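Below: the structure, in structure tokens.
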Amino acid sequence: MTMAPMGIRLSPLGVAVFCLLGVGVIYHLYAGVLSNHLSYFRQKKKVDLRDLLAVSVEAAQLGGKEVKRVREEDTLNEKSKGETKEGAKELLTMGDLQSHRKMFNLIKNTFPQITVFSEEKDSKTDSVTWSGNIPEDILKLEKGREISPDSITVWIDPLDATQEYTENLVKYVTTMVCVALEGKPVIGVIHQPFTGFTAWAMVGQGTNMEHRMSYNLNSPKVIVSRSHSGEVKNFLHTAFGNATVIPAGGAGYKVLSLLKMHSGQPEPIDEADVYIHITYIKKWDICAGAALLNALGGHMTTLKGEEIDYREEPLNKGGLVASVNVAHKDILEKLPDWDPSKH
């Protein structure tokens, strides 16, 4: 007797289970591979701090060339962009703008993931790119300290001491770049466009600057802003009695006045024992100097001795005290009570 072949019926539920098992097997086979690829791409986005220092130096110098060129061509086209809290005009020149375009775009074109704050705002882009050059003294620093771009904030000042720039008091003029890691300054660059000198530092790694051998806190030379030197004299007289007040332009210049400068300066830089600012000040003015001082064991704090956080808020409302190779606490203890918000 011949039996007819019977048809095989597949359960829809069974097919679904089989497919799910297949997907599970494929997932486990390839999950490791996918994870490795994702990890690779994440690592590529990290920023090497030595490279970022080299880019910062190049950006400050490139901006400095624009600053010098505009001044020498006398094409400043200055205008007021507002007033400071003290009523002084905040000037904007073509030197500020041209320097900003070079500095900001060089950094962003090289490291597009990092946050960059500049004193100037401008929508014009520039295709400028990093040359890839790392100066010899920076090349000696440790490579491989790679940082997530999310933890980095860069502050740039395309032209510090704009008021003095318009008056042709160019010794005060600098361009500056600072890199803060989790709000703490780790890289500082202060470039003098009219001498060609560049001061740089990476905290914990090295710097091309030194502090001087001695400082005097008994009758200190205190460097302050030209814009409110009269008001600060009373403050300093209360604190130190017989302090010598040095009015000067530019926060970058004031920090350099605390350090040992090279002998090739065409015009000798002022030498101060302490730098004090008693009103509000922007972080792009002070961050680079803070990094330089920190690298040399110095300090830059508010008038109350608080550390300054260099993250998103651009305004430091606590005033400023900067020193190196002295007891910073001794300075703070001498200062009278002062509320910068009331002045």
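A quick note: this is a predicted structure, and the numbers were derived from the prediction, not measured.
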Quick one: do the Q61 and T198 side chains pair a donor with an acceptor below 3.5 Å?
yes
Determine the sole option in R101, Q98, K102 for which the side chain to side chain donor-acceptor pair (under 3.5 Å) test with D126 is passed.
K102
Distance in Å, T110 OG1 paired with W130 CH2, rounded so as to fall on 0.5 Å steps
7.5 Å
Output yes when K171 and D270 qualify as a salt bridge under the 4.0 Å nitrogen-oxygen rule, no when they do not.
yes
Surrounding NE2 of H262 (heavy atoms of other residues, nucleotides or ligands, distance under 6.0 Å), is the total greater than 12?
yes
Output the distance between atom OG (S323) and atom CG (L217), rounded to the nearest 0.5 Å.
7.5 Å
Going through the distances and angles, do K317 and S341 end up as a side-chain contact (heavy atoms from CB on, under 4.5 Å)?
CA-CA 7 Å; K317 298 180 179 180; S341 67; over 6 Å; no
Look at atom NZ of K108 and say whether more than 12 heavy atoms of other residues, nucleotides or ligands are closer to it than 6.0 Å.
yes
Taking atom CG of N242 and atom CG of L236, what is their separation to the nearest 0.5 Å?
11.5 Å
Residue pairs meeting ring-ring contact (aromatic ring centres under 6.0 Å, His included), one or both in residues 133-165, sequence neighbours left out, come to F117-W155
With the threshold set at 4.0 Å, does a side-chain nitrogen-carboxylate oxygen contact exist between E271 and R212?
yes
Check whether the ring centres of F197 and H191 lie less than 6.0 Å apart, and answer yes or no.
no
Would you find more than 12 non-hydrogen atoms of other residues, nucleotides or ligands less than 6.0 Å from D337 atom CG?
no
Please step through side-chain contact (heavy atoms from CB on, under 4.5 Å) for the pair L52 and F111, ending with a clear verdict.
CA-CA 8 Å; L52 186 49; F111 301 108; 3.6 Å; yes
For E312, is the CD atom crowded, meaning more than 12 foreign heavy atoms sit under 6.0 Å from it?
no
Counting only heavy atoms from other residues, nucleotides and ligands, does the tally under 6.0 Å from NZ of K334 exceed 12?
yes
Donor-acceptor pair between D160 and W284 side chains, under 3.5 angstrom
no
Any residue meeting ring pair (Phe, Tyr, Trp, His ring centres under 6.0 Å) with F235, in chain and number order, not counting sequence neighbours
W338
Taking atom types as modelled, is there a side-chain donor on S99 or D96 under 3.5 Å from an acceptor on the other?
no
Give the C-alpha distance, both sets of side-chain angles, the deciding distance and a yes or no for side-chain contact (heavy atoms from CB on, under 4.5 Å) between M300 and L320.
CA-CA 7 Å; M300 182 182 283; L320 191 75; 3.3 Å; yes
Between D122 and K124 (salt bridge meaning N to carboxylate O under 4.0 Å), is one present in this structure?
no
Is the shortest side-chain N to carboxylate O distance from K184 to E307 below 4.0 Å?
no
If you count the non-hydrogen atoms of other residues, nucleotides and ligands that lie under 6.0 Å from NZ in K65, is the total more than 12?
no
Please determine if E333 and K329 form a salt bridge, counting it only when a charged side-chain N lies under 4.0 Å from a carboxylate O.
no
Show the nearest heavy-atom pair for residues G95 and L159, with the distance to one decimal.
C-CD1, 3.8 Å
Do other residues, nucleotides or ligands put more than 12 heavy atoms under 6.0 Å from the NZ atom of K79?
no
Taking atom types as modelled, find out whether E90 and S80 have a side-chain donor-acceptor pair closer than 3.5 angstrom.
no
K304 atom NZ, over 12 foreign heavy atoms within 6.0 Å:
no
Pair R226 + E167: basic N to acidic O under 4.0 Å
yes
Does any part of the side chain of R71, heavy atoms only, come nearer than 4.5 Å to the side chain of V170, both counted from C-beta?
yes
